[in-house]
Amino acid sequence: MITAVSRALIIVAGACLGETRRDWAAAMEEEYEAAAEDGHPLSFALGCLTGTVRDMTVHQEGRFVLASHAVVLGVLLPIAASFLSALLIGFPYLDAPEALLAGSGGISGVRSMLNEGNTSAAPALALLVLMLTGLHLLVGWAVLNRDWPRVQIIVRLSAAATVTLSLFTGVIFLEPGTALMLVTALAIEVAAVWTLARWHEQLATELR
Amino acid sequence: MTRSRRPSNQMLALLQALSERPQQWRHGYDLMKETDLSSGTLYPLLMRMTDQGLVEAEWHEPARPGRPARHAYRLTARGLAVAQATQDDRAPFGSVVALA
């Protein structure tokens, strides 16, 4: 167990060093074997990980990696989680604020925003929200892989889904607050991802 | 602009260990044991010193067959000069770096 954890930590430490320090990542992995033979694999691996994370803050590339993880974990994942939890309590076709107050188990008596004429839209609306949740997860993965063409495609799909949902909630439900929330989430996502992409482009130019 | 900062105690310990046998290549884990530095301190220090031209690093074939190559380190001429200067305490770190 300790060996497996130590090995995982060394691999993560090596990954934290980035492309320019690949030799050093390999060096630490090889020295890990010596430490393991000496009976200190975990302390060696933990030390390497803390050292590399500290070293990341000193270099541009390291700061970029930390920032991109912060954006994914601190912005994109929470947005995805918000969509998923909202979906579970009936967003967008239940009156969202009251549904949130009612909690996931107490949605009885909450006003439905669909009428007899358009209640069949509920599954499609739910699917759109689920799609938005998935797209936020996918864009996070693409950002961490620095796959900017894929990020562009996913963000366009997110925008399309957001516009569709906003039209439903803003026009048919006459609920501008929800539309505003959706557009704000998209704007935050686009701003964060665009900033990272520009930063990465600048880094790539400097490293050439 | 040259930085005129005195080396940290950790860097001094590493310089001393490497300067005891300056021509000999040393492995990371051996340096750790000799200097009592943790891996989290040693490797960032080695990386910085290599970037500054004080240490050179290269891959060496393993002593035992079937094992992977190991990274080895030793002081450059500049690193040796810094080590000697800090040991003798003849000149501040910054002026040695400026002269090099």
Side-chain angles (χ1 to χ4, degrees), chain A residues 2-66 69 203 206-208, chain B residues 1-3 5 7-15 17-18 24-76 79 97:
Chain A
I2 288 178
T3 308
V5 168
S6 307
R7 192 165 286 283
L9 289 176
I10 271 290
I11 291 170
V12 171
C16 288
L17 283 175
E19 287 300 309
T20 53
R21 300 271 206 205
R22 210 185 299 177
D23 255 4
W24 289 98
M28 286 193 304
E29 283 188 41
E30 296 314 326
E31 286 309 296
Y32 165 79
E33 301 298 332
E37 279 180 13
D38 205 30
H40 301 107
L42 187 59
S43 58
F44 182 87
L46 264 174
C48 286
L49 182 60
T50 52
T52 54
V53 169
R54 245 193 349 257
D55 192 61
M56 282 171 83
T57 60
V58 174
H59 300 285
Q60 275 280 17
E61 192 183 355
R63 285 198 284 260
F64 171 80
V65 170
L66 288 172
H69 279 80
L203 267 179
E206 285 170 8
L207 288 173
R208 256 186 242 125
Chain B
M1 180 190 280
T2 308
R3 296 182 68 188
R5 212 168 58 177
S8 63
N9 290 338
Q10 293 87 349
M11 189 172 178
L12 287 173
L14 186 55
L15 281 169
L18 286 167
Q24 186 180 351
W25 292 93
R26 316 288 300 281
H27 297 299
Y29 192 63
D30 300 331
L31 284 170
M32 263 181 66
K33 288 197 289 187
E34 190 172 330
T35 58
D36 214 23
L37 295 173
S38 70
S39 54
T41 302
L42 178 74
Y43 278 97
L45 202 48
L46 280 171
M47 285 189 260
R48 260 200 312 279
M49 290 171 73
T50 306
D51 290 344
Q52 290 169 0
L54 301 176
V55 165
E56 52 181 341
E58 62 180 38
W59 290 98
H60 281 198
E61 289 305 313
R64 285 182 283 171
R67 300 302 300 268
R70 286 177 78 179
H71 221 206
Y73 316 97
R74 71 177 181 186
L75 289 174
T76 59
V97 171

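Residue numbers begin at 1 in each chain, while the letters A, B, ... track the order of the sequences. Everything quoted here is computed from the prediction, not taken from an experiment.
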Can you confirm whether more than 12 heavy atoms, excluding those of R22(A), are under 6.0 Å from its CZ atom?
no
Applying a strict 4.5 Å limit to non-hydrogen atoms, the region of A13(A) in contact with chain B is neither
Turns out that what part of L46(B) lies under 4.5 Å from chain A's heavy atoms comes down to both
Report task. Can you label the angle between the F44(A) ring and the Y32(A) ring as parallel, tilted or perpendicular, going by 30° and 60°? Result -> tilted
Greatest number of non-hydrogen atom pairs under 4.5 angstrom with chain B, of D38(A), V53(A), L17(A), falls to D38(A)
- prompt: Heavy-atom distance under 4.5 Å between the side chains of L31(B) and L18(B), does that happen here?
  reply: yes
Under 4.5 Å to a heavy atom of chain A? For A69(B) that would be backbone
Exercise. Hey, does M49(B) have a side-chain heavy atom less than 4.5 Å from the side chain of M11(B)?
Worked result: yes
